[in-house]
Novice: 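Sharing a structure here in structure tokens format.
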Amino acid sequence: MTLLGSSPPRPDGAAKVGGTLRFGDDLPKEGLWYGATLRSPNPHARIRGLRWNPERAPKGAVCIIADDLPGPNGVQLLDDEWPVLAEGIVRHVGEPVAVVAAATMLAARQALGAIEVDYEPLEPTLDLSAAANQESLYTLELRSGQVEQELERAHLLVEGTYHTGYQEHIYIECQVMSAWWEADDKLVVEGSMQCPYFVHRSLIHVFGLPAERSVVKATPMGGGFGGKEDFPSVIALHAALLAKACDHPVRIAYDRHEDIIGTTKRHPSVVTHRAGVDAEGRLQAMEIEVVLDGGAYRTLSPVVLSRAVLHAAGPYRCPNVHIRGRVLRTHTPPNGAFRGFGAPQVQFAMERQMDRIGRCLGLDPLEIRLRNVLEEGDKLPTGQVMDESCSARLCLEKAARETDFQERWQHLEAKRRAPIDGESMQGVGLSLYFHGAGFTGNGERVLQSVVEAALLEDGRIEVRTAAVEMGQGCDTVLPMMAAEASGLRPEDVVLAPPDTSRVPDSGPSVASRTSMVVGSEVAHVVTEIRDRILDWWSNSQESGAAHTVEDGVVRRGNGESWPFRELARRYCETEDPLVVSRQHEPPEWQVFDEETYQGVAYPTYAFGADVVEVVVDPDTLEVRPRKVTAVCEVGRVLHERLCVGQVEGGTLQALGWGLMEEVKLEAGHYLNDRLATYIIPTIKDSPEMEVHLLERPWKGGAFGAKGVGELPMDGGAPAAVSAVENATGIEIDTIPATPERLLALTSAHRQVPSGPQDPKRGRRPGG
Amino acid sequence: MKFELVVNGNPVLIEGNPMDRLLDALRDKLDLMGTKEGCGEGECGACTVLMNGEPVLSCLLPLIQCEAAEIETVEGVATGEASAFLERFVSDGGVQCGACTPGIIVTAWALLRDNPHPTRQEVQAALAGNLCRCTGYEGIHRALGRGAADE
């Protein structure tokens, strides 16, 4: 019997519904002091003076500024350009300038008043148009074929510029970190984080500690979505510095307001397309420019841009492609990792562009995609040839069939042109998308992830990885994968807590990589422990080998059987401790040239197609998504309920980003800096969802699973906006498509063309 | 000042200031850590508890308003007759990260006690004040759509 694809209850479920699971701020507090952060009120300023007046602070309070750092003033991510605390200059509103600690939260906040800062304001760069003339934070280029010539020769030239906004993660558990110093100058940090070894590296970098004297423990996370990939290193450093200074354990727990103003967000983007198509609508050449707003520091922007560039041409066939990517620096808070990691922005643009091309030729959204869909044997702009696990057409056709898409779209187009007064407007929209599974390019090769398994005295196998449970279900799925591979039961496997003193660096819990990469290694190491015990058992028996293991029971040819755990217990009684470790090696054919951007950027891709139905209020232009049909091909479904849950949750985040979530800035300040003003979808805003999971296993391991965490983030927004266009006729190139934006577009007469365009003219940017 | 209230069926005496938040009293004085703070301003519902049977936001509720009240937190709901519902809530995918879950369980159980078979619209109305960022709410609908009883 196969376990995979079934849906056993998640082991952390009972503690979560019972309220007994301890998150980072629920841990015991004896002797704990509290940290607070002084933040810059200026987007760009020189710090002329910075003074801590302890006599004005609650007794015993401590303060740390950049000068107090014991080592480099940089948060070690890709590089250490991001300051731990501002030094001499501030580059965004909310930038940490000093941190304080005191015995109570109230005292810590009072202590902030004892710091004087003298700022000399400097000219800030506040938006992308101002930043465009300045040096970029990072640039990339990807080229295939003869773009200029083919654009010249094309039957029709279609241009478009597409904008996407910020998105705030709104994990329900805000950032929280505690730190303390133990005997022998050993630092311990515990809190909410996706990447214990990222935090570990940052601590070592600043404190100059040997690796073993820095211990990082990840608590279960109340949501991450990428927001706990980069930022936990910052708050961990602050807590550790304060703990050293006050000689108490220190906890920093952000409240929602501070979490919104202080932490990274999804990069806003501007993507410009020029496409040449033939008379049938087939893509001949594309020139794409991707611009991301990186904010004040580089953080993870280079890898976000990399994923953006590699997804910018979408799951479509086009022989001639030129993509240029830039991350620009603005004096706004740094942007960073958010589920999808650059791919949602560029695929929003690509999907809008496909709709636009279709309209220019009088083709509906399904037809234009069917004529260009990527298939087995086709090449991506990187030169990577799609293998048999390419399922774009499968997803597209299934989504269209399940929803009668073509007929409904045509019907609603006709209905829009002959509206009935007072009747709500309805629309249906389609998107096709893909997501590269795992780290980009040579990322996995550089990472050298290691997974370990050890036999416990009670006969269970302890699996040691740095994967952190954030709701995605790794604590459920990793034991299932081990069991599937080894014939043991999931309960024969126990996961070690993600604590750097107990587990090796199996890499971060990001990039939809945990099941695919960590899971396949877990399956290997557990199977190896099983084999070692079976070998030992066979050698101690006269009859020799030939065992089968199923459901945790070892059977021999002669009909005898033993529980595996019983054999393992006996092994422990007489033999040396058994520990097996294994380093992940990406497939040898996964070779990517970081200079030319040619080669295999991802070993495989997951695909999806969404159909979104919306109702638009004709008076308020409020958009209500009524139903989403999501078809996702994920290689292999490991746990059906969890997999569906990833698609449902990611899809709603995508709808939020596309239709309602908006961060507005004024002079570098976030205006929507609370949950009362930054609006995310409630249960009343969320549509009915129908999820279809398809499987085209990839050949590289993990039972064929490709990774699903980020995929659904790519499709919801363009499909929803396409549906709004179908309902209203308003041509939308910017999200979120709030009622205010729709009204502005209506006033600007931004309407979709009523029929096919003159081929010589085409469509111009800005419509 | 001292405040007398009943929490999860037990009479308790809480020492604090009249304007202390019920949320902090539950967490810091009674070690009932199941009740979470998600926003501190009544927008997210993570801190929901039952006060005399009705869902209230403990981050907005000063202790002075809780005198003599019966408070039920997620820990109280979980030890009662909700066990079949809770199991279903897990198996139907109502839970992912678990941070909003206590507030949702408390609110949902209050609904199911009054209305054992709510419609989708009734579920939406009852849970409109509870934000979940993980599930897209569909798992929550699945669990509540099957009603209160152990079926």
Novice: Roughly how far, to the nearest 0.5 Å, is the CZ atom of A/R674 from the SG atom of B/C39?
Specialist: 9.0 Å
Novice: Considering only NZ, NE, NH1 and NH2 on the basic side and carboxylate oxygens on the acidic side, decide whether B/K36 and A/D26 come within less than 4.0 Å.
Specialist: yes
Novice: Atom CD1 of A/I683 and atom CD1 of B/I140: how far apart are they, to the nearest 0.5 Å?
Specialist: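 One gets 5.5 Å once the value is rounded to the nearest 0.5 Å.
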Novice: What's the separation between atom CE in A/M689 and atom OG1 in B/T135, rounded to the nearest 0.5 Å?
Specialist: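 Rounded to the nearest 0.5 Å, the CE-OG1 separation comes to 8.0 Å.
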Novice: Which distance, rounded to the nearest 0.5 Å, do you find between the NE2 of B/H141 and the OG of A/S686?
Specialist: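 One gets 5.0 Å once the value is rounded to the nearest 0.5 Å.
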Novice: Taking it one step at a time, do B/D28 and A/K29 satisfy salt bridge (charged side-chain N to carboxylate O under 4.0 Å, His left out)?
Specialist: CA-CA 9 Å; B/D28 298 342; A/K29 294 180 174 175; 3.2 Å; yes
Novice: Side chain, backbone, both or neither: which part of B/A128 has a non-hydrogen atom closer than 4.5 Å to chain A?
Specialist: both
Novice: Supply the atom-to-atom distance A/D255 CG to B/E41 CD, rounded to the nearest 0.5 angstrom.
Specialist: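 So the gap between those two atoms works out to 9.0 Å.
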Novice: Is A/A676 close to chain B through its backbone or its side chain, or both, or neither, when contacts mean heavy atoms under 4.5 Å?
Specialist: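 It is both, since atoms from each part get that close.
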Novice: With sequence neighbours excluded, give me every salt bridge (charged side-chain N to carboxylate O under 4.0 Å, His left out) pair touching residues 55-82 of chain B.
Specialist: B/E72-B/R113
Novice: For B/R133 and A/E661, what are the C-alpha separation, side-chain angles and deciding distance, and is it a salt bridge (charged side-chain N to carboxylate O under 4.0 Å, His left out)?
Specialist: CA-CA 13 Å; B/R133 193 56 153 167; A/E661 294 180 35; 2.7 Å; yes
Novice: Using side-chain heavy atoms (C-beta onward) and a distance below 4.5 Å, is B/L131 in contact with A/L675?
Specialist: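 Yes, close enough: below the 4.5 Å cut-off.
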Novice: Report the distance from atom SG of B/C97 to atom CD of A/Q472, rounding to the nearest 0.5 Å.
Specialist: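 So the SG of B/C97 and the CD of A/Q472 are separated by 10.5 Å.
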Novice: Measure the shortest side-chain to side-chain distance between A/E648 and B/R142 over non-hydrogen atoms and say whether it is less than 4.5 angstrom.
Specialist: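 They are in contact (side-chain heavy atoms under 4.5 Å apart), so the answer is yes.
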Novice: If I measure from the heavy atoms of chain B, does A/D259 come under 4.5 Å with its side chain, its backbone, both, or neither?
Specialist: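 No part of it gets close to chain B.
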Novice: For the candidates B/A82, B/S91, B/G38, B/G129, which exhibits the highest count of non-hydrogen atom pairs separated by less than 4.5 Å from chain A?
Specialist: B/G38
Novice: Do B/E37 and A/R256 make a side-chain contact, defined as non-hydrogen atoms from C-beta onward lying under 4.5 Å apart?
Specialist: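 The answer is no; the side chains never approach within 4.5 Å.
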Novice: So for B/A99, is it side chain, backbone, both, or neither that comes closer than 4.5 Å to the heavy atoms of chain A?
Specialist: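 Backbone plus side chain of B/A99, per the 4.5 Å heavy-atom cut-off to chain A.
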Novice: In terms of heavy-atom proximity below 4.5 Å to chain A, should B/I105 be classed as side chain, backbone, both, or neither?
Specialist: side chain
Novice: Quick one: are B/R27 and A/D25 in side-chain contact, heavy atoms under 4.5 Å?
Specialist: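 In short, these two side chains touch, coming nearer than 4.5 Å.
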Novice: When you check the gap from the basic side-chain N to the acidic O, do A/R10 and B/D92 get nearer than 4.0 Å?
Specialist: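 Answer for the salt bridge query: no.
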Novice: Between B/T73, B/V74, B/L32, which residue shows the highest count of heavy-atom pairs closer than 4.5 Å to chain A?
Specialist: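 It is B/V74.
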Novice: Does any heavy atom of chain A fall under 4.5 Å from the side chain of B/Q96, the backbone, both, or neither of them?
Specialist: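 For B/Q96, the contact with chain A is made by backbone and side chain together.
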Novice: Heavy-atom distances under 4.5 Å only: say whether A/H257 touches chain B with side chain, backbone, both or neither.
Specialist: neither
Novice: Could you tell me whether the side chain of B/C134 reaches within less than 4.5 Å of the side chain of A/Y171, counting heavy atoms only?
Specialist: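 They are not in side-chain contact.
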Novice: Within the distance-only criterion (no hydrogens, no angle test), does the side chain of B/Y137 pair as donor or acceptor with the backbone N or O of A/P681 below 3.5 angstrom?
Specialist: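 A pair under 3.5 Å: yes.
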Novice: Can you name the closest pair of heavy atoms from A/I172 and B/A46 and give their distance?
Specialist: CG2-CB, 4.1 Å
Novice: Please rank B/G40, B/G98, B/G93, B/G45 by heavy-atom pairs under 4.5 Å with chain A and give me the top one.
Specialist: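 When all of B/G40, B/G98, B/G93, B/G45 are compared, B/G98 has the most.
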